[in-house]
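Below: one structure, written as structure tokens.
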Protein chains: 2
Amino acid sequence: MKNRKSVIRLSRYKNELHRFKTQGAVRIVSNDLAYAVGVTASQVRKDFSLFGISGNRRGGYKIDELIAWLNKILRKDEVQKVIIVGAGNIGSALMQYSGFAKEGIQIIAGFDIDPLKCRRVGAVSIYPLEKLNAFVRDNGIGIGILAVPENAAQPVLDIMVGAGIKGVLNFAPIRLRAPEECVINSVNLVPELENVIYFSNAVREKSE
Amino acid sequence: MKNRKSVIRLSRYKNELHRFKTQGAVRIVSNDLAYAVGVTASQVRKDFSLFGISGNRRGGYKIDELIAWLNKILRKDEVQKVIIVGAGNIGSALMQYSGFAKEGIQIIAGFDIDPLKCRRVGAVSIYPLEKLNAFVRDNGIGIGILAVPENAAQPVLDIMVGAGIKGVLNFAPIRLRAPEECVINSVNLVPELENVIYFSNAVREKSE
DNA sequence: ACATTATTGTGAATTTTGGAACAAAAAAGT
DNA sequence: ACTTTTTTGTTCCAAAATTCACAATAATGT
Ligand SMILES: NC(=O)c1ccc[n+]([C@@H]2O[C@H](COP(=O)([O-])OP(=O)(O)OC[C@H]3O[C@@H](n4cnc5c(N)ncnc54)[C@H](O)[C@@H]3O)[C@@H](O)[C@H]2O)c1
Ligand SMILES: NC(=O)c1ccc[n+]([C@@H]2O[C@H](COP(=O)([O-])OP(=O)(O)OC[C@H]3O[C@@H](n4cnc5c(N)ncnc54)[C@H](O)[C@@H]3O)[C@@H](O)[C@H]2O)c1
């Protein structure tokens, strides 16, 4: 019912709504939002209805109200504090990504096993891995980003889970195991790119 | 039929098969591969059957044969040359990512509008954006990674498509429009992270 | 040789997801 | 006041994806 895909779409709606708002719009109809996001209008309405969001049967939805609803559902009422483990290429890029702060996601600290990496990247301080447990407990952190090499990923995840992390966004290209009270989403770039390669060739061949 | 998801799974299978192989395995049954990847055994068999891969009704699949098949389907017979447009945080991280080369994906050049960025990152040289068109044509490049700021994404994509790019992996959090002969996959990290946040809270609340 | 066992390959059943359609409601016009 | 128009909310339908289940069959054991 409230599945991964519908929640991802909510994020996208929110994103586009901000855009509409900065362009001065006050109300929006499902059709226009659907077009902007690239789904059908029924999909938009069904998603909203699923999460108990309702509009007005003429004049559509008030953008401010919609954003408020989405913010509530997506926990934007409070700043979400997130740690990043692994301050290498991808970890550092994420630490400097302004898109998180814009959405109320604060990268509060980084952790790495390499003392040379325990410096400062952008606004984020990086600490030795041994400090992770205490830091997570003391600050009540629930969410972490995992950006360590493949072979370190599972043991590092175990440390994170042991410290109390309940949600992880993982970049290592490996299947991780965690107790079911910990949610794990993985971003796998090689398969994504291979997918693009596959379908771009498939399209070309079809048209030949 | 041959949909996005099944192709992504093929990449994952290939990944895990390499792992099994380095551990000395010669054959594998659908069950074990399924467990490693995190899907059901029927899913594995259906995927293989969909792409015309067959095993042996006792003794499963020969790992080498499987890998050869997957490599063929995923175009690993030749090195895939890919460009990256936008050499900022994420673009540079990708240029230094060894995971691509390992899978036969070569980042052959970068492009950026900022002259200061037109240096060398790892093994990748970065050129001014104006050189993109000629470079793509001369080298017959078909695939590109788009890592420029949101507001530059659509115009830059248009340039890429104009130059002959047929497949794009996009990191800008915006819906892009391209002619249908150009395949676009987007990676949206904010929604991914918001998804983790949503479900980690949902799990916690359910158990309360 | 024959029986047994393991495991695929696939058609059918089921579940999930998305889309079309339309009655109900609210606004706008007259 | 009431008619028309617009747009939602929801039900019903279709398509897509996944899983089940089992006959077909290849290896192994006796
Ligand atoms: N770079 C990319 O663009 C990219 C893209 C997709 C996926 N990934 C994946 O992300 C992960 C990191 O990639 P990267 O390119 O940033 O690698 P990297 O080598 O640049 O960075 C890895 C960092 O993790 C640290 N580390 C190693 N072991 C650790 C441990 N046990 N505890 C804490 N820190 C540890 C290292 O010191 C290093 O700083 C890899 O799994 C990679 O496959 C990277
Ligand atoms: N940094 C991250 O971790 C991250 C994560 C997810 C998504 N993204 C997205 O990726 C994109 C890039 O993010 P970033 O953090 O690397 O930003 P960045 O500002 O570090 O890099 C952007 C680069 O693009 C270049 N650029 C700007 N306009 C250009 C143009 N017209 N043509 C060519 N190059 C141009 C800039 O010179 C800069 O080098 C953004 O859309 C961002 O939302 C970034």
Side-chain angles (χ1 to χ4, degrees), chain A residues 1-13 16-17 20 25-70 73 175 185 191 195 198-199 202, chain B residues 1-13 16-17 20 25-70 73 175 185 191 195 198-199 202:
Chain A
M1 182 171 149
K2 283 169 190 174
N3 56 34
R4 182 187 139 80
K5 284 188 169 176
S6 63
V7 176
I8 292 267
R9 282 194 300 266
L10 291 195
S11 297
R12 300 240 176 87
Y13 298 149
E16 292 299 326
L17 286 168
F20 278 104
V26 174
R27 308 179 140 275
I28 188 158
V29 300
S30 56
N31 224 299
D32 295 349
L33 183 55
Y35 179 77
V37 173
V39 298
T40 63
S42 342
Q43 182 84 83
V44 170
R45 297 200 296 273
K46 200 180 263 172
D47 284 337
F48 286 172
S49 142
L50 184 63
F51 287 89
I53 300 173
S54 57
N56 186 311
R57 291 185 189 225
R58 174 151 185 162
Y61 304 82
K62 284 191 196 160
I63 291 180
D64 282 335
E65 275 182 18
L66 255 190
I67 291 178
W69 264 110
L70 294 174
I73 293 165
R175 186 184 170 203
N185 271 201
N195 194 264
Y198 179 89
F199 281 106
Chain B
M1 181 171 150
K2 283 167 191 176
N3 55 38
R4 183 187 138 79
K5 283 188 168 179
S6 63
V7 176
I8 292 266
R9 282 194 300 266
L10 291 195
S11 297
R12 300 238 177 88
Y13 298 149
E16 291 300 326
L17 286 168
F20 277 105
V26 173
R27 308 179 140 277
I28 190 160
V29 300
S30 56
N31 224 298
D32 296 350
L33 184 55
Y35 179 76
V37 173
V39 299
T40 63
S42 356
Q43 182 83 86
V44 170
R45 297 200 299 272
K46 196 63 23 106
D47 285 337
F48 287 172
S49 138
L50 184 64
F51 287 90
I53 299 173
S54 57
N56 185 313
R57 293 187 187 221
R58 175 146 186 169
Y61 304 82
K62 284 190 197 158
I63 291 181
D64 282 336
E65 275 182 18
L66 256 188
I67 291 178
W69 264 110
L70 294 173
I73 294 165
R175 183 182 172 205
N185 270 202
N195 194 264
Y198 178 89
F199 282 105

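Here is how names work: the chains are called A, B, and so on, in the same order as the sequence lines, proteins then strands, and each is numbered from 1. Both backbone and side-chain heavy atoms feed into the values below; hydrogens, waters and symmetry mates do not.
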N/O to N/O distances under 3.5 Å, protein versus nucleotides 13-16 of chain C:
none

(request) Please state whether the phosphate of dG9(C), meaning OP1 or OP2, lies under 4.0 angstrom from any side-chain nitrogen or oxygen of Ser49(B). (result) no
(request) Under 4.0 Å from any atom of DNA chain C, heavy atoms only: list the residues of residues 29-48 of chain B that qualify, in numerical order. (result) Val29(B), Ser30(B), Arg45(B), Lys46(B)
(message) According to side-chain contact (heavy atoms from CB on, under 4.5 Å), who are the partners of Ala41(A), at least two apart in sequence or on a separate chain?
(response) Ser30(A), Asn31(A), Ala34(A), Arg45(A)
(message) Checking Ser11(B) now: which residues fulfil side chain to side chain donor-acceptor pair (under 3.5 Å) with it, not counting sequence neighbours?
(response) Glu194(A)
(request) Identify, with sequence neighbours excluded, every residue that meets side-chain contact (heavy atoms from CB on, under 4.5 Å) alongside Asn185(A). (result) Arg4(A), Leu169(A), Val183(A), Glu192(B), Asn195(B), Val196(B)
(request) For Asp47(A), check side chain to side chain donor-acceptor pair (under 3.5 Å) against everything at least two apart and list the hits. (result) Arg9(A), Tyr13(A)
(request) Check side-chain contact (heavy atoms from CB on, under 4.5 Å) between Ala25(B) and all other residues, then give those that pass, not counting sequence neighbours. (result) Phe20(B), Ile63(B)
(message) Strictly below 4.0 Å: does Tyr61(B) bring a side-chain N or O up to OP1 or OP2 of dG9(C)?
(response) yes
Can you name the atoms? Protein N/O to nucleotides 27-30 of chain D N/O, anything below 3.5 Å, with the distance.
| from | atom 1 | to | atom 2 | distance (Å) |
| --- | --- | --- | --- | --- |
| dA27(D) | OP1 | Asn56(B) | ND2 | 2.8 |
| dA27(D) | N3 | Arg58(B) | NH1 | 3.3 |

(message) Can you list everything that forms a side chain to side chain donor-acceptor pair (under 3.5 Å) with Asp32(A)? Sequence neighbours excluded, please.
(response) none
(request) Sort and list the pairs that fulfil side chain to side chain donor-acceptor pair (under 3.5 Å) and have at least one residue in residues 48-62 of chain A, not counting sequence neighbours. (result) none
(request) For Arg175(B), enumerate each residue passing the side chain to side chain donor-acceptor pair (under 3.5 Å) test, keeping only those at least two apart in sequence or located in another chain. (result) none
